[in-house]
*Asks:* 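To start, I am sharing the structure in question, which I have written as structure tokens.
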Protein chains: 2
Amino acid sequence: MSIVERRRREKEALSSRILTTAWQIVKEEGWQSLSIRKIADAVEYSVPVIYDYFENKEAILLEFGKQGFELVIKKLKAARNTSADPAEQLKAIANAYWNFAFKNKEYYQLMWGLSIPCCEMDKCIPERSVFKDLIMEPMTAIIEKGKNKNVQACIKYHTFWSILHGLISIKMVAPPGDTEELNKLVLDDAIAGFIKNLSS
Amino acid sequence: MSIVERRRREKEALSSRILTTAWQIVKEEGWQSLSIRKIADAVEYSVPVIYDYFENKEAILLEFGKQGFELVIKKLKAARNTSADPAEQLKAIANAYWNFAFKNKEYYQLMWGLSIPCCEMDKCIPERSVFKDLIMEPMTAIIEKGKNKNVQACIKYHTFWSILHGLISIKMVAPPGDTEELNKLVLDDAIAGFIKNLSS
DNA sequence: ATAAATTACCTAACGGTGTTAGCAAAAGTA
DNA sequence: TACTTTTGCTAACACCGTTAGGTAATTTAT
């Protein structure tokens with residue numbers, strides 16, 4: 001029964017070769033330029049073979065979406081664990097997210113771009129609540145320690161994401177006029193202001 | 001010499017008919033579904049005729065981009081003029097931008113989506129500085145009146161846009177779970193917090 | 001070992017996209 | 001009327017995602 005095992009391994013090997021090849025194309029030419037035909041060409045198989053391994057193009061994109069979410073959640077968790085102070089945690093999370101976005105533009109574009117409908121993207125997120133928990137925990141801690149405990153955490157949660165996502169998505173397509181230092185300054189200032197408002 | 005004039009009018013008529021038809025398709029089926037062939041079909045001309053009026057598809061999209069920027073700038077100016085108080089002006093501008101985005105999803109998607117490269121989009125903006133001036137004026141006024149005059153306005157400008165754009169772009173693709181009232185609450189809270197930080 | 005069934009893989013196509021070459025007919029000009 | 005310009009068309013090119021259908025190789029069953 002080892003033959004069937006070998007075949008399974010071969011299938012998996014090609015499956016991951018398709019993914020790595022696709023990723024290479026994306027890295028070199030961008031998402032827009034990724035096509036089934038190009039992948040098939042690169043892995044030296046005919047086009048329909050790709051469909052034996054992935055239902056369609058979107059399935060391939062979703063696979064990368066999963067990878068992206070896994071990576072960013074790992075980064076955010078690591079960032080949180082660098083400190084026990086909630087405010088520092090929040091800052092670290094924001095920084096980690098920022099770094100993830102710019103070090104992995106391809107992932108970020110896929111995850112937040114228009115490439116995939118949002119509802120489809122939900123399939124990528126391991127647990128829907130992981131994101132929220134990661135941010136809500138330090139946030140509520142800050143509110144608790146602050147002067148005004150009536151702050152509505154769920155509203156602030158949205159605000160936090162808005163600042164982060166908004167700034168990144170603007171800077172992602174911005175002309176190279178703005179230096180990276182300035183952008184980081186803007187982020188720090190925005191997050192600092194946000195935290196200040198949380199505990200006042 | 002009136003014949004040439006009539007012909008010029010006819011050309012312009014078809015040109016704008018192409019645009020209105022395209023817009024109708026976008027409204028009904030979304031940007032993704034807009035194609036030269038569909039436009040040609042709808043205006044009852046063959047495909048290459050479209051290319052006599054627009055250099056390519058992007059030229060058509062840019063035309064809508066222009067329209068979008070003109071409209072939003074008009075709305076923002078009107079919003080500013082509703083009050084003489086800088087803080088109220090800023091709030092009004094944020095609200096106007098929010099309303100523009102949700103009442104004109106098609107424009108917003110085109111202007112900030114990945115449909116058009118950002119550098120190309122610059123061609124759409126009548127004056128590059130209009131946006132910045134509109135927001136910087138009330139912002140610097142608030143800073144001047146506040147306690148800490150050392151706030152760097154240009155950094156805050158980026159923050160303002162981040163909050164606004166970030167929140168909208170998140171809500172634009174969000175599942176219908178969040179009510180419109182909640183979203184507006186989040187916006188108001190975020191802008192209020194921003195203004196508070198400006199003058200402290 | 002031979003026959004049957006399964007699997008792997010291919011060519012070729014369908015219907016779609018943006019874009020363009022080249023030609024025929026109509027309209028305007030001399 | 002003859003010439004020139006404009007107008008609009010058909011047909012094609014090179015792509016895209018996707019699939020139908022067939023062939024050859026491999027595995028399984030007899």
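Naming convention: chains lettered A, B, ... in sequence-line order (proteins, then strands); numbering from 1 in each chain. Predicted, not measured: the structure shown is a model, and the values here were computed from it.
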*Asks:* Taking CZ from B:F54 and P from C:dG18, how many angstroms apart are they, rounded to a whole number?
*Replies:*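 After rounding, the reported distance stands at 15 Å.
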*Asks:* Side chain of B:V49 only, heavy atoms from C-beta on: which candidate in C:dC9, C:dT17, D:dG8 is closest?
*Replies:*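 The answer is D:dG8, which lies nearest to the side chain.
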*Asks:* Is A:K75 close enough and on-axis enough to A:Y97, meaning under 6.0 Å and within 45°, for cation-pi?
*Replies:*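 No.
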*Asks:* How close or far is atom P of D:dC9 from atom OH of B:Y53, stated in whole angstroms?
*Replies:*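 Distance check: B:Y53 OH to D:dC9 P gives 10 Å.
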*Asks:* Which nucleotide, C:dT17, C:dT20, D:dG8, lies nearest any side-chain atom of B:P48?
*Replies:*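 The nucleotide sitting nearest to the side chain is C:dT20.
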*Asks:* Counting heavy atoms from C-beta on, name the nucleotide in D:dC9, C:dC10, D:dG17 closest to the side chain of A:I36.
*Replies:* D:dG17
*Asks:* Between atom CG in A:L14 and atom C1' in C:dC9, what is the gap in whole Å?
*Replies:* 11 Å
*Asks:* Without decimals, in angstroms, what is the distance between A:Y51 OH and C:dA8 P?
*Replies:*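 Rounded to whole Å, this separation is 19 Å.
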*Asks:* Suppose we call two aromatic rings close when their centres sit under 6.0 Å apart. Are B:W31 and B:Y107 close by that rule?
*Replies:* no
*Asks:* Return each pair, listed once, that meets ring pair (Phe, Tyr, Trp, His ring centres under 6.0 Å) where at least one residue sits in residues 180-200 of chain B; pairs must be two or more places apart or across chains.
*Replies:* B:F160-B:F194
*Asks:* Across the strands shown, which category fits A:L34 at heavy-atom distances under 4.0 angstrom: base, sugar-phosphate, nothing?
*Replies:* sugar-phosphate
*Asks:* If I take atom CD in residue A:E55 and atom P in nucleotide D:dT19, what distance separates them, rounded to the nearest angstrom?
*Replies:* 8 Å
*Asks:* C:dG16 C1' sits how many Å from B:K57 NZ, rounded?
*Replies:*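 Checked: the NZ to C1' distance equals 12 Å.
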*Asks:* Donor-acceptor pair, B:N104 side chain versus B:E106 backbone, under 3.5 Å?
*Replies:* no
*Asks:* Select one nucleotide: of C:dT17, C:dT20, D:dG17, the one nearest the side-chain heavy atoms of B:S35.
*Replies:*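 Of all the options, the side chain of B:S35 is nearest to C:dT17.
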*Asks:* Would you mind telling me which of C:dG18, D:dC16, C:dT20 lies closest to the side-chain atoms of A:R37?
*Replies:*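 Selected nucleotide (nearest to the side chain): D:dC16.
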*Asks:* Atom CG of A:D41 and atom P of C:dC10: how far apart are they, to the nearest Å?
*Replies:* 11 Å
*Asks:* To the nearest Å, give me how far apart CH2 (B:W31) and P (C:dT17) are.
*Replies:* 16 Å
*Asks:* With distance as the sole test, does B:Q89 use its side chain to make a donor-acceptor pair with the main-chain N or O of B:P138 at under 3.5 Å?
*Replies:*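 Checked: no pair found.
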*Asks:* Check every atom of C:dA8, D:dT18, C:dT17 against the side chain of A:V47 and return the nucleotide holding the closest atom.
*Replies:* D:dT18
*Asks:* Does A:K38 place a side-chain N or O at less than 4.0 Å from the phosphate oxygens OP1/OP2 of D:dC15?
*Replies:* no
*Asks:* Side chain of A:S46, heavy atoms from C-beta onward: which of C:dC10, D:dT18, C:dT19 has the nearest atom to it?
*Replies:* C:dC10
